[in-house]
Amino acid sequence: MPNRIKLVLFDALHTLITPRLPVHIQYAQVFEPYIGPLPPDQVKTSFKKALKDMQREKPAYAGGAQGWWKLVIRRTAVGAGADEQRVDSSLDIMVPALLQRFSGQEGYKTFNDAVPTLEGLLSIGMKTGLVSNADSRMRSVIIDLNLSTYLDPLLLSEEEGIEKPAKEIWERACSKAGVGTHETLYVGDELECDYHGARQAGLHALLLRRPGPERVGEQREADEDLSNIQTVQSLSDVVTWMRQRDV
């Protein structure tokens, strides 16, 4: 009989929660009064590049999240074609506005299956928690979306000083919950960071691949190979998977 799972950990963004509108649309909305309208597709491309570059240059929000995001926001605006001088003169207004928007339910919403899944897992005796490569504002988001009572432990990369796929962040979560890595399941939407990272740390893992419009925003690589990868199409499938496993 397989090891009994006692703890289910989730990723946050694109797993339990999702932006109310695509991030690049929300950025463009905040930008427009100060630096003029920018083509949404250009904002989208520029944001993705700025984010990826910063994640590589300063992992785990090195130097502080506010300054980290200030650079992302500046690079996004300039990369989308905005005038640099207008951007620099408006950053002190735009940065706090965007940070505030993405600190709660103004910027985010839960997926419809999030709360029923968490409640379903708790009803069969599971502990549930969260491990996310996010800054400390994610804690405010979780509270504002009424998810905090379901998620303990809750580890955020900025607060921990390390991020997925580092083995230690999962080990810390398991230690806080009082369970072993072999007794823990991780559910997330990134193949390398979430699925393979968790597996390499000794956890069980499920890769979330939502069908249809809800898949927007998931971290998918164009050439990803999902052969021999355990996937689910919704969070409710996690409860089904657990029950079929005879927990």
Side-chain angles (χ1 to χ4, degrees), residues 2-18 51-52 55-56 58-62 65 68 111 114 117-118 120-122 124-139 141-143 147-210 217-221 224-226 228-232 234-235 237-239 241-242 245 247:
N3 290 322
R4 186 179 187 276
I5 291 173
K6 299 178 181 178
L7 170 66
V8 182
L9 296 171
F10 292 89
D11 184 28
L13 189 58
H14 308 306
T15 300
L16 293 175
I17 69 171
T18 188
L51 185 64
K52 190 171 184 178
Q55 288 171 335
R56 184 183 65 253
K58 297 187 175 185
Y61 305 93
W68 197 97
F111 282 107
T117 296
L118 293 168
L121 290 169
L122 292 171
I124 58 173
M126 293 296 103
K127 295 180 179 180
T128 54
L130 183 139
V131 176
S132 174
N133 285 354
D135 63 63
S136 59
R137 288 175 303 137
M138 184 57 70
R139 194 174 294 276
V141 174
I142 295 301
I143 292 171
L147 294 176
S148 59
T149 56
Y150 302 105
L151 300 170
D152 182 20
L154 193 160
L155 279 73
L156 305 175
S157 61
E158 182 195 12
E159 297 173 356
E160 299 299 320
I162 52 174
E163 61 185 19
K164 302 175 298 181
K167 183 179 180 181
E168 187 179 351
I169 196 165
W170 279 293
E171 291 177 335
R172 288 184 190 179
C174 294
S175 177
K176 288 186 177 185
V179 304
T181 55
H182 64 286
E183 299 172 307
T184 304
L185 169 69
Y186 190 77
V187 182
D189 69 293
E190 294 191 48
L191 179 59
E192 294 300 327
C193 182
D194 293 337
Y195 186 88
H196 288 308
R199 290 291 301 272
Q200 289 166 8
L203 285 70
H204 305 271
L206 292 173
L207 181 68
L208 180 62
R209 282 290 177 263
R210 296 180 184 273
E218 285 182 358
Q219 299 299 310
R220 301 172 183 238
E221 298 297 331
E224 65 182 13
D225 180 7
L226 298 185
N228 301 315
I229 302 297
Q230 289 191 296
T231 63
V232 289
S234 70
L235 293 181
D237 289 345
V238 177
V239 181
W241 185 87
M242 293 287 291
R245 201 173 180 275
V247 298

Trainee: Quick one, I17 with M138, criterion side chain to side chain contact (heavy atoms under 4.5 Å, CB included). Give me CA distance, side-chain angles, the key distance, then yes/no.
Mentor: CA-CA 10 Å; I17 69 171; M138 184 57 70; 3.7 Å; yes

Trainee: Could you walk me through whether L185 and V187 pass the side chain to side chain contact (heavy atoms under 4.5 Å, CB included) test, one step at a time?
Mentor: CA-CA 7 Å; L185 169 69; V187 182; 4.2 Å; yes

Trainee: Testing the basics here: between I124 and M242, what is the closest heavy-atom pair and its distance to 0.1 Å?
Mentor: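 Nearest pair, atom of I124 first, then M242: CD1-CB, 4.3 Å.
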
Trainee: Would you sort out whether D189 and R209 count as a salt bridge (Lys or Arg N to Asp or Glu O under 4.0 Å), showing the intermediate values?
Mentor: CA-CA 7 Å; D189 69 293; R209 282 290 177 263; 5.2 Å; no

Trainee: What are the two closest non-hydrogen atoms of T117 and F10, and how far apart are they?
Mentor: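 That would be CG2-CZ, 4.3 Å.
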
Trainee: So how far is it from L203 CG to C174 SG, rounded to the nearest 0.5 Å?
Mentor: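 Here the interatomic distance stands at 4.5 Å.
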
Trainee: Taking all non-hydrogen atoms of both residues into account, name the closest pair between D11 and G188 and its distance.
Mentor: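 Minimum heavy-atom separation between D11 and G188: CB-CA, 3.8 Å.
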
Trainee: Can you tell me how far CD1 of I162 sits from CD1 of I169, rounded to the nearest 0.5 angstrom?
Mentor: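 The CD1 atom of I162 is 5.0 Å from CD1 of I169, to the nearest 0.5 Å.
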
Trainee: Quick check: closest heavy atoms across A173 and L9, and the distance to 0.1 Å?
Mentor: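 Looking at all heavy atoms of both residues, the shortest contact is CB-CD1, 3.9 Å.
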
Trainee: Enumerate the residue pairs fulfilling ring-ring contact (aromatic ring centres under 6.0 Å, His included) with a member in residues 180-200, sequence neighbours excluded, ordered by first and then second residue.
Mentor: W170-Y186

Trainee: Apply the test side chain to side chain contact (heavy atoms under 4.5 Å, CB included) to residues T184 and H204: give CA-CA distance (whole Å), side-chain angles for both, the deciding distance (0.1 Å), then the verdict.
Mentor: CA-CA 6 Å; T184 304; H204 305 271; over 6 Å; no

Trainee: Test of understanding: with side-chain contact (heavy atoms from CB on, under 4.5 Å), list the residues that count as partners of K176, not counting sequence neighbours.
Mentor: P153, L155, E160

Trainee: In Å, rounded to the nearest 0.5 Å, how long is the span from OG1 of T128 to CG of L16?
Mentor: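 So the gap between those two atoms works out to 9.0 Å.
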
Trainee: Using the side chain to side chain contact (heavy atoms under 4.5 Å, CB included) rule, pick out the option among L147, T15, L151 that qualifies with L130.
Mentor: L151

Trainee: Any side-chain heavy atom of L208 sitting closer than 4.5 Å to one from L235?
Mentor: yes

Trainee: With sequence neighbours excluded, tell me which residues meet salt bridge (Lys or Arg N to Asp or Glu O under 4.0 Å) with K167.
Mentor: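 For K167 the salt bridge (Lys or Arg N to Asp or Glu O under 4.0 Å) partners, ignoring immediate neighbours, are E171.
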
Trainee: Show your working on salt bridge (Lys or Arg N to Asp or Glu O under 4.0 Å) between E158 and R137 and close with a plain yes or no.
Mentor: CA-CA 10 Å; E158 182 195 12; R137 288 175 303 137; over 6 Å; no

Trainee: Looking only at heavy atoms, what is the nearest atom pair of C193 and P165, with distance?
Mentor: O-CB, 3.8 Å

Trainee: If you compare all heavy atoms of L13 against all heavy atoms of T18, which two are closest, and at what distance to 0.1 Å?
Mentor: CD1-CA, 4.4 Å

Trainee: As an exercise, state the distance from OG of S148 to CD1 of I142, rounded to the nearest 0.5 Å.
Mentor: 8.0 Å

Trainee: Any side-chain heavy atom of L226 within less than 4.5 Å of one from L191?
Mentor: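 A side-chain contact exists here, since the closest heavy-atom pair is under 4.5 Å.
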
Trainee: Is a side-chain donor or acceptor of K127 paired with a backbone partner of A177 at a separation under 3.5 angstrom?
Mentor: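 Yes, K127 side chain to A177 backbone: donor-acceptor pair under 3.5 Å.
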
Trainee: How long is the straight-line distance from CG of N133 back to CG of L156, given to the nearest 0.5 Å?
Mentor: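 Separation between the atoms: 9.5 Å.
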
Trainee: Please identify each residue that fulfils salt bridge (Lys or Arg N to Asp or Glu O under 4.0 Å) with E183, with sequence neighbours left out.
Mentor: K6

Trainee: Can you sort out the partners of S175 under side-chain contact (heavy atoms from CB on, under 4.5 Å), two or more places apart, ordered by chain and number?
Mentor: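 By the side-chain contact (heavy atoms from CB on, under 4.5 Å) rule, S175 matches no residue at all.
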
Trainee: Using the test side-chain contact (heavy atoms from CB on, under 4.5 Å), find all partners of A60 that sit at least two apart in sequence or belong to another chain.
Mentor: E163

Trainee: Working to the nearest 0.5 Å, report the span between CG of D237 and CD of Q230.
Mentor: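 D237 atom CG to Q230 atom CD measures 12.5 Å (nearest 0.5 Å).
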
Trainee: Decide side chain to side chain contact (heavy atoms under 4.5 Å, CB included) for E159 and R139; before the verdict, give the C-alpha distance in whole Å, the side-chain angles of both, and the deciding distance to 0.1 Å.
Mentor: CA-CA 10 Å; E159 297 173 356; R139 194 174 294 276; 2.6 Å; yes

Trainee: Is there a side-chain contact between Q55 and Y61, using heavy atoms and a 4.5 Å cut-off?
Mentor: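 No - every pair of side-chain heavy atoms lies 4.5 Å or more apart.
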
